[in-house]
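So the structure is just underneath, and the comments pick up after that.
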Amino acid sequence: MTFKRTLVTTALPYANGPVHIGHLAGVYVPADIYVRYLRLKGEDVMFVGGSDEHGVPITIRARREGVTPQDVVDRYHKLIKDSFAEFGISFDVYSRTTSKTHAKMASDFFRTLYDKGEFIEKTSEQYYDPEAKTFLADRYIVGECPHCHSQGAYGDQCEKCGTSLSPTELINPQSAISGSKPIMKPTTHWYLPLDKHEGWLREWILEQHKEWRSNVYGQCKSWLDLGLQPRAVSRDLDWGIPVPVEGAEGKVLYVWFDAPIGYISNTKELCEQQPERFGQWQTWWKDQSTRLIHFIGKDNIVFHCIVFPAMLKAEGSYILPDNVPSNEFLNLEGDKISTSRNWAVWLHEYLRDFPDKQDVLRYVLTANAPETKDNDFTWRDFQARNNNELVAIYGNFVNRALVLTKKYFEGKVPACGQLTDYDRQTMAEFADVKTKVEQYLNNFRFRDAQKEAMNLARIGNKYLADTEPWKLAKTDMARVATILNLSLQIAANTAIAFEPFLPFSSKKLRAMLNMDSFSWNDLGRIDILPANRELGEVQLLFEKIDDAEIDKQMQRLADIKEQNKLNAYKPAEIKAPTTIDDFDKMDIRVGRVLECQKVPKADKLLQFKIDDGMGGRTILSGIAQSYPEPEKLVGMQVLFIANFPPRTLRGIESQGMIFSAVDADGKLVLVQPSREVRNGVQVG
RNA sequence: CGCGGAGUAGAGCAGUGGUAGCUCGUCAGGCUCAUAACCUGAAGGUCAGUGGUUCGAUCCCGCUCUCCGCAACCA
C-alpha cells in the first residue's frame, strides 16, 4: 500500500492542568519531529491536536474553585495552546472538544452508530450523590474496606491492602465530592459491544501490524486474549456532549468516546478554514490512501488501538490507524510525574525560566526519550546535555568553522580545491546520513535519528582537529580554503539534519550560513554552500547553563517535596486510654529561659538554664536542629516537667524535660503560655 | 500466582544465540582555531537473581525479586 498523505494526531491533553515534560517527551516532541520531517520531504501531511475538555475531573475542579467548568477549560486551553505554540509544536490545528464543530461531529457520530444498532443498552444500579446531584464514578466513593477494615478505601480499590473492590462492597460509603451518603439509583447507558469486534481486531492488529512497537502490540494482544467486554460510552453528568437520543436527558458522551472524535472535528475545522491547502476533511479520514498515525502515551494504548478503531469500524466509512507509536513514561528526578502532587516541570514555567531555549529541552527529551522503557529526567542531565553536547560539540563546531572562515577568508565561503584521501574519507562518513536519519524516523526511532544528526558535528570536530587549518594557514592557504569549505558544508548539513529536531537552532544556523533556501534532499552533499557566499553574523548557537540556574530548579522541586510532606500530614493515632491519676503524677511547670546554648559536640542538644522560681535549674532538650539560634530563646517562658529524676547527657545533668510540639515537617516547636505567668507555677 | 512492558559500566540508554556497545562522567596524553571548548587512548560490567535448553545464553524457556502501566487525576 502506498500512501498519498499522512494524518498525524497527538493525544488530546486534558484541560485540567498545564502541560509538562512527560506529555512533551511522550507525545508532542516526537510527533512534531515526525511532522516536520515529512513536511521537509515535501509530503502531504496534517498535524492535528487539541484540548480534551469534558469529563468528571473538570467538573470537580470547577466545583472546588467555585467557577464553571467552561472557566476551567478556557483557562487551561489557552495556557496549553500558547505554550505549545511558543515551544514550536507545529500543529496545523489546535482546537478543543467544546467547539461547536465537535459537538455536532461527536453527536452525529454517536447517532449514526445508534441508528445502525451498533450499541447495546443496559440499565444498572449505581451510586448517586443526592447532595451534589450526580452519579459517582468508582473512585469518588470512599468508605471502609470490607477486607482490612481500614477507612478511606476507594470504590475501586483499597490502597491499604491493595484489594480490588467494587463500590457496592464498601462499608459506610461516602461521596468524595460532597461527603454525603450516596444512594443506589437505576441508570441506563449505551455500551459499545467490543466483543462483537474482536474477530477483525485480532486479525488487523496481531496479523497485519506485527511491526507495531512491542509495548503496543503486547498490550493489545493481552486485551484481545482476555476477551473484550462491552464498554459504556455514556455517563450521567451535566458537562459534556448530550447523548443525542430521545429520553436521554442528563446523559452525556463518555470522554473516551468524545475525545478521539475530536481528532476528526479538528480536522474538519481546519479544512473549513483552509480548504485551498487541506481540501475536504473526508479525504483525511475516509480515503484509503491516507495514512493515519496516532502519537500517544502508554496509558492510552487500549483506547487508540481497540476502542477508537472499533468505533471507526462500526461507523463504517473511516480508515484505521496505520501505526500508534506509544512511548513509555518519563520520570522526574527519580519519582513519577504527578499533576496532583505538582511533581513536574511545567512547559509554561520552563518557557518563562529558560527563554529562547526551546531546542535545549527538545534535544534533551529526544535524547532521553522513553521509547522502550520508562526513563528519568534530571536537571543535572539536562545541564550536562546542554553544556557537553549542544554547546561543546554542535555549537562549538559551528563556531570553529565560522570563526576560522572570518579570520582567514573575510567571512566568505572559500573555494574547494583538490580533495585529499582524508577529505574523501570524511565525506564518506556522512554521505549516508540522510538514509540513516530517514530509516530511523520512518521507524519512529527519534532518539537514534537525533544521535545521527549529532554525529555530523562530531565528524566536523574531528575533521578540524585532524587537518589543523590554523597551522596550515602559515604555509598553504589553498589547502586551508578546501578544509574550511568542507567544514562549512558539514555545518550546512548539520543545519538540515537537525531541522526537524531543533528548528529554532537550525534557523539560526541557516542565517549564519546565509542559506535562504535549502532542501532535505541536500543532506549528504558537499556543495550546498557555493564558493564566495558571504556568511552572516557569527553568534553562539547555544549557551552554557550554569549551576545556579539548575540549582534554582532543583530547589524548587525540593520545596515541592517538602510541601507535599506537609500536605500529607495526618495526626497520629490516639494513644491507649489513661487516667487523671497518671496525669496528676506529672509535675508540669512554667519557667523562663535565662540562658540557652548549644551543647558542644552534640548535634541536637540545647542546654537551658531555667528560672523555676526556686533558684533555677539546668535542662537539656534535643531541639537544636529546630532552633539554629538558641540565644534568641532567652526570656521566653516554656513548659517543663519538674519531677523527672535527673539524667546526665554529654556530661551535663538535665533536671527535667521541656515541652515541644512536633510539627508536620518534623520540626520541634517550644510550647509557651499564652500570657506571662509567674515562674514556677504549675500546669494542670 | 490478573495482564502487558522493563531490569545491561558511576549516571542515562542501545543491542545481539558465538570477543558486550553508545553518550555523559572519571583518569592519562595531544592540540590551542573554538563557548577551559575539541581530538586520541585507558580504566570501569558475574547484562536483576536462580534453574533449564544448547557445543555455547546477556539474548530462548521456567521460577523468584524489583520498577512502571492497565483501575480517579495522568503522556
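So you know, we letter chains A, B, ... as the sequences are listed, proteins then strands, and number each from 1. From a predicted model like this one, the values you see are computed outputs, not experimental measurements.
The side chain of K407(A) lies closest to rC33(B) when the candidates are rC74(B), rC33(B), rC68(B). Of all nucleotides listed (rG5(B), rC39(B), rA71(B)), rA71(B) comes nearest to the side chain of R231(A). For V391(A), the side-chain atoms get nearest to rU35(B) when compared with the rest of rU35(B), rC13(B), rU32(B). Comparing rG69(B), rU35(B), rC24(B) by their closest approach to the side chain of Q219(A) singles out rG69(B). Closest contact between the side chain of K373(A) and the listed nucleotides rC13(B), rC73(B), rC70(B) involves rC13(B). The side chain of K471(A) sits closest to rC31(B) out of rU40(B), rA34(B), rC31(B). Side-chain proximity of F329(A) to the nucleotides rA72(B), rC39(B), rG69(B) is greatest for rG69(B). Set against rC13(B), rC74(B), rG15(B), the side chain of N16(A) has rC74(B) as its closest nucleotide. When each of rA6(B), rA14(B), rC73(B) is scored by its nearest atom to the side-chain atoms of R447(A), the top-ranked nucleotide is rA14(B). Out of rC13(B), rG5(B), rC38(B), the shortest distance to the side chain of A392(A) is found at rC38(B).
From S326(A), atom OG reaches atom CG of N215(A) across 5.0 Å, with rounding to the nearest 0.5 Å.
Counting non-hydrogen atoms under 4.0 angstrom, I393(A) reaches the backbone sugars and phosphates but no base. If you check every strand for non-hydrogen atoms under 4.0 Å, R213(A) touches nothing. Looking at heavy-atom distances under 4.0 Å, I296(A) makes contact with sugar-phosphate atoms alone, never a base. Using a 4.0 Å heavy-atom cutoff across all strands shown, K544(A) reaches at least one base atom of the nucleic acid. G218(A) comes within 4.0 angstrom of sugar-phosphate atoms only, judged by non-hydrogen atoms across all strands, and of no base. Residue I337(A) is classed as a base contact, given a heavy-atom separation below 4.0 Å to a base. D376(A) comes within 4.0 angstrom of sugar-phosphate atoms only, judged by non-hydrogen atoms across all strands, and of no base. Nucleic acid contact class of N331(A) (heavy atoms, under 4.0 Å, all strands): none. Heavy atoms of E389(A) sit under 4.0 angstrom from primed sugar atoms or phosphate atoms, though from no base atom. The residue L541(A) sits close to a base: some heavy atom pair falls under 4.0 Å. Nucleic acid contact for K221(A): none, since no nucleic acid atom lies under 4.0 Å from a heavy atom of the residue. In this structure, D225(A) reaches neither bases nor backbone, as no heavy-atom distance under 4.0 Å exists between it and the strands shown. Across all strands, Y28(A) comes closer than 4.0 Å to no nucleic acid atom at all (heavy-atom distances). At the heavy-atom level, N396(A) lies under 4.0 Å from base atoms of the strands shown.
OP1 or OP2 of rG25(B) sits under 4.0 Å from a side-chain N or O of N388(A). Residue N368(A) places at least one side-chain N or O closer than 4.0 Å to OP1 or OP2 of rC13(B). Put simply, R458(A) has a side-chain N or O that comes within less than 4.0 Å of OP1 or OP2 on rC24(B). The phosphate of rG69(B) has OP1 or OP2 within less than 4.0 Å of a side-chain N or O from K336(A). Side-chain nitrogen and oxygen atoms of N375(A) include at least one within less than 4.0 Å of the OP1 or OP2 phosphate oxygen of rC13(B).
Regarding Y463(A), its OH atom lies at a distance of 14 Å from the C1' atom of rC33(B), rounded to whole Å. The NZ atom of K462(A) sits 14 Å away from the P atom of rC38(B) (whole-angstrom rounding). To the nearest angstrom, P of rU40(B) lies 7 Å from CG of D466(A). The distance from atom CZ of R385(A) to atom C1' of rU23(B) is 6 Å, rounded to the nearest whole Å. Distance D335(A) CG to rC68(B) C1': 13 Å, rounded to the nearest Å. Distance, E543(A) CD to rA34(B) C1': 16 Å, rounded to whole Å. The distance from atom CD1 of I306(A) to atom C1' of rC70(B) is 11 Å, rounded to the nearest whole Å. The nearest whole Å value for the distance from the CZ atom in R445(A) to the P atom in rC22(B) is 16 Å.
Straight-line distance between the P atoms of rG56(B) and rG69(B): roughly 40 Å, to the nearest whole Å. A gap of 36 Å separates the C1' atoms of rC27(B) and rC65(B), to the nearest Å. With C1' as the reference atom, rG44(B) and rG5(B) are 30 Å apart, rounded to whole Å. Using P as the reference atom, rA28(B) and rA37(B) are 15 Å apart when rounded to the nearest Å. Look at the P atom in both rC38(B) and rC74(B): the space between them is 42 Å, to the nearest Å. If you take atom P in rC60(B) and the same atom in rC67(B), they sit 23 Å apart, rounded to whole Å. A gap of 39 Å separates the P atoms of rG51(B) and rU26(B), to the nearest Å. Comparing the C1' positions of rA20(B) and rC59(B) gives a spacing of 11 Å, expressed to the nearest Å.
Residues H23(A) and Y14(A) have side chains that never bring a donor and an acceptor to within less than 3.5 angstrom of each other. Judged purely by distance below 3.5 Å, without hydrogens or angles, the side chains of T187(A) and Q126(A) never pair a donor atom with an acceptor atom. Under the 3.5 Å distance criterion, with hydrogens and angles disregarded, no donor-acceptor pair is assigned to the side chains of T378(A) and R380(A). A donor and an acceptor atom, one from each side chain of Q383(A) and D547(A), are located under 3.5 Å apart.
R202(A) and D225(A) are joined by a salt bridge, as a carboxylate oxygen and a charged side-chain nitrogen come within less than 4.0 angstrom of each other. Ion pair E328(A)/R213(A) not flagged as a salt bridge, since none of the NZ, NE, NH1 or NH2 atoms sits closer than 4.0 Å to an Asp/Glu carboxylate oxygen. The pair E410(A)-K406(A) does not count as a salt bridge, with every side-chain nitrogen at least 4.0 angstrom from each carboxylate oxygen.
The two atoms that bring L484(A) and P414(A) nearest to each other are CB-CG, 3.9 Å, heavy atoms only.
With RNA chain B read from its 5' end, the first of the two nearest nucleotides for N399(A) and H23(A) is the one closest to N399(A). In this structure, L390(A) and A457(A) both approach RNA chain B, and ranking their closest nucleotides by distance from the 5' end singles out L390(A).
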For RNA chain B, what dot-bracket results from Watson-Crick or G-U pairs at under 3.5 Å, with [ ] for crossers and | for inter-strand partners?
.((((((..((((....[..)))).(((((.......))))).....(((((..]....))))))))))).....
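Taking the centre and axis of the six-membered ring of F329(A), the NZ or CZ atom of K298(A) falls inside the cone set by 45° and 6.0 Å.
The ring of F295(A) has its center no closer than 6.0 angstrom to the ring center of F47(A).
Remark: K210(A) NZ is packed, more than 12 non-hydrogen atoms of other residues, nucleotides or ligands lying under 6.0 Å away.
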